2 protein chains.
Amino acid sequence: MKKLEAIKQKLTAAGLKATHQRMVIMEAIADMKNHPTAEHLFKVVRKSNPSLSLGTVYKTLETFVSNRLIAKVATRDGYMRYDPRTDHHGHIYCTNTKDLVDYYDEDLDNLLTEFFKKKKVNNLRIKNISIRINGEKVDPVKEVTIK
Amino acid sequence: MKKLEAIKQKLTAAGLKATHQRMVIMEAIADMKNHPTAEHLFKVVRKSNPSLSLGTVYKTLETFVSNRLIAKVATRDGYMRYDPRTDHHGHIYCTNTKDLVDYYDEDLDNLLTEFFKKKKVNNLRIKNISIRINGEKVDPVKEVTIK
DNA sequence: GTAACTGCAAATCGTTTGCAATCGG
DNA sequence: CCGATTGCAAACGATTTGCAGTTAC
């Protein structure tokens, strides 16, 4: 399978052993558009890999995070979710459905960059400025989309 | 003491019994500029009120939050912190010192309001858009200030 | 072959809960 | 007085840790 091969390379490139567990976890997180929790991911991956343990999922995700292969996001209510995108972007959090949706808009990013050129924050080495939109999904069945 | 009297009124106005515990907790959180955790608050308040229990601190804070007397914020690493400010504002999070600092700039707020008039998010009833600045405190001893 | 990785179970830690005793209005 | 609130201890749930056995390279 082509996809697993690509994942294997990604892992190797990061200096990680390309174990079966890591590959299926990486594949799953990339496919799931939900920014899953470790538990959620575990349930999904376990179906095809019954011997996989939850502890391994946690360890693997942590390894991925520290190697910048994925990102870790805390939601408004303190749960950790994992994000296959590591590039700079914000999130929309639906308080009713717990959906976490990527948000990026180039215009907004430029706007913010310009803004913080003028307004400085003293004594802080800014790593990133992220926008977080909280709201309620109107139709919980449909997706949230950006105009 | 004047301050406690004002707090008492605030509690009563919210329809809550003005117990001693609630008053000292409210006083402490207003004085601490750190957006404390429940545990942190507990340690501080306990000094003058040794019989106070941690469970009460949690319950009290939760009561305050649901009565909009304070706000609850999840930090980047998933811990809950309590914020005496309930008006709309963002936060600066110092990843090295775990400091959580209020951030509000009217110009930025107008900018964002304008922006989201044009760019819509479909199927979402936006409750708030918050800005979150993550960075490293350069001199950990000094404060982070806004220019 | 050997260091890295996995699985399992126990431990940890922030937070919540149940309940009897107590307190505020 | 009576319902709301407290204190205490036990329960909980997400995450971590320790370690012996197993795997990738």
Side-chain angles (χ1 to χ4, degrees), chain A residues 4-5 7-26 28 35-43 45-46 48-67 69-70 72-82 98 100, chain B residues 4-5 7-26 28-29 35-46 48-67 69-70 72-82 98 100:
Chain A
L4 283 184
E5 205 46 53
I7 291 171
K8 191 168 195 167
Q9 281 180 26
K10 217 174 175 179
L11 293 174
T12 309
L16 299 172
K17 280 190 182 174
T19 66
H20 182 65
Q21 290 88 333
R22 284 178 175 170
M23 298 210 279
V24 291
I25 290 173
M26 183 58 95
H35 302 74
T37 59
E39 195 90 34
H40 185 191
L41 204 38
F42 173 61
K43 279 185 192 147
V45 178
R46 180 174 248 243
S48 44
N49 297 71
S51 71
L52 186 75
S53 81
L54 180 56
T56 297
V57 173
Y58 274 106
K59 282 176 195 162
T60 302
L61 290 171
E62 221 38 59
T63 305
F64 288 171
V65 170
S66 43
N67 285 82
L69 300 177
I70 63 173
K72 197 179 176 180
V73 186
T75 63
R76 187 188 195 61
D77 25 53
Y79 295 105
M80 291 301 186
R81 308 270 290 256
Y82 295 88
K98 312 293 179 208
L100 191 59
Chain B
L4 283 185
E5 205 44 55
I7 290 172
K8 191 169 194 164
Q9 281 180 26
K10 217 174 175 177
L11 293 175
T12 309
L16 300 172
K17 281 190 183 174
T19 65
H20 182 65
Q21 290 88 333
R22 284 179 176 167
M23 299 211 278
V24 292
I25 290 173
M26 184 58 95
I29 194 175
H35 301 75
T37 60
E39 194 91 33
H40 185 192
L41 204 39
F42 173 61
K43 280 185 190 146
V44 170
V45 178
R46 182 175 246 242
S48 44
N49 297 71
S51 70
L52 185 75
S53 82
L54 180 57
T56 297
V57 173
Y58 274 106
K59 281 177 195 163
T60 302
L61 290 171
E62 221 38 57
T63 305
F64 288 171
V65 170
S66 42
N67 284 82
L69 299 177
I70 63 172
K72 197 179 178 181
V73 187
T75 64
R76 188 188 195 60
D77 26 54
Y79 296 106
M80 290 302 185
R81 309 270 290 257
Y82 295 88
K98 312 294 179 206
L100 191 60

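Only a predicted model underlies this, so the values are computations on that prediction, with no experimental measurement involved. Numbered from 1 within each chain, the chains take letters A, B, ... in sequence-line order.
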Notebook entry, point to check: Where is the tightest heavy-atom contact between A:V45 and A:V24, given as atom of each residue plus distance?
Noted result: CG1-CG2, 3.7 Å
Check: For B:Y82 and A:T63, take the nucleotide of DNA chain C holding the closest heavy atom to each; which residue's nucleotide lies nearer the 5' end?
Finding: A:T63
Check: Rounded to whole angstrom units, what separation is found between the CG atom of A:L54 and the P atom of C:dC8?
Finding: 11 Å
Notebook entry, point to check: When you list every nucleotide of DNA chain D with an atom under 4.0 Å from a heavy atom of chain A, which one comes first 5' to 3', and which comes last?
Noted result: D:dA14 to D:dC25
Notebook entry, point to check: Do the non-hydrogen side-chain atoms of A:T63 and A:R22 ever get within less than 4.5 Å of each other?
Noted result: yes
Next item on the list: Please identify each residue that fulfils salt bridge (charged side-chain N to carboxylate O under 4.0 Å, His left out) with B:K98, with sequence neighbours left out.
Entry: B:D77
Check: Sequence neighbours excluded, which residues qualify as salt bridge (charged side-chain N to carboxylate O under 4.0 Å, His left out) partners of A:E62?
Finding: A:K72
Check: Going by heavy atoms in the side chains, are B:H20 and B:N49 under 4.5 Å from each other?
Finding: yes
Item checked: Separation of C:dG14 P from B:L61 CG (nearest whole Å) -> 15 Å
Check: Roughly, in whole Å, what's the span from CG in A:N49 to C1' in C:dG7?
Finding: 14 Å
Check: Looking across every strand, which nucleic acid part, if any, lies under 4.0 Å from B:S51 by heavy atom: base, sugar-phosphate, or nothing?
Finding: sugar-phosphate
Next item on the list: Name all residues meeting the side-chain contact (heavy atoms from CB on, under 4.5 Å) criterion together with B:R76; count only those two or more places apart in sequence or in a different chain, and write none if there are none.
Entry: A:N128, B:Y93, B:T95, B:N134
Check: To the nearest 10 degrees, how far apart in direction are the end axes of the helix from C:dG1-D:dC25 to C:dG25-D:dC1, each fit to five base pairs?
Finding: 40°
Check: For B:L41 and B:P36, which heavy atoms make the closest approach, and how far apart are they?
Finding: CD1-CG, 4.1 Å
Next item on the list: Starting at atom CG of A:L52, determine the distance to atom P of C:dA9, rounded to an integer number of angstrom.
Entry: 15 Å
Check: What pairs with A:K8 under salt bridge (charged side-chain N to carboxylate O under 4.0 Å, His left out), at least two apart in sequence or on another chain?
Finding: none
Margin query: Can you measure A:E62 atom CD to C:dA4 atom C1' for me and round it to whole angstrom units?
Written below: 17 Å
Note to self: Please report the distance, rounded to the nearest Å, between CZ in A:F64 and P in C:dC5.
What the structure shows: 10 Å
Notebook entry, point to check: Does a nitrogen or oxygen in the side chain of B:Y58 sit under 4.0 Å from OP1 or OP2 of C:dT15?
Noted result: yes
Next item on the list: Check side-chain hydrogen bond (donor to acceptor under 3.5 Å, both in side chains) between A:N67 and all other residues, then give those that pass, not counting sequence neighbours.
Entry: none
Next item on the list: For B:T37, enumerate each residue passing the side-chain hydrogen bond (donor to acceptor under 3.5 Å, both in side chains) test, keeping only those at least two apart in sequence or located in another chain.
Entry: none
Short N/O separations, protein against nucleotides 11-13 of chain C, under 3.5 angstrom:
none

Note to self: Does any part of the side chain of A:F42, heavy atoms only, come nearer than 4.5 Å to the side chain of A:I25, both counted from C-beta?
What the structure shows: no
Item checked: Under 4.0 Å protein heavy-atom contacts per nucleotide of nucleotides 19-25 of chain C, with B for base, S for backbone only and - for none -> B----BS
Margin query: Do B:L69 and B:L16 have side chains that approach each other closer than 4.5 Å (heavy atoms only, starting at C-beta)?
Written below: yes
Check: A:G15 or A:P50: which one's nearest nucleotide on DNA chain C is closer to the 5' end?
Finding: A:G15
Report all side-chain donor-acceptor pairs from residues 50-59 of chain B shorter than 3.5 Å, counting only partners two or more places apart or in another chain.
unit_1 : atom_1 : unit_2 : atom_2 : d
B:S53  : OG     : B:T56  : N      : 3.3
B:S53  : OG     : B:T56  : OG1    : 3.1

Notebook entry, point to check: Excluding sequence neighbours, so at least two apart, what forms side-chain contact (heavy atoms from CB on, under 4.5 Å) with B:V73?
Noted result: B:D83, B:H91, B:L100, B:R132
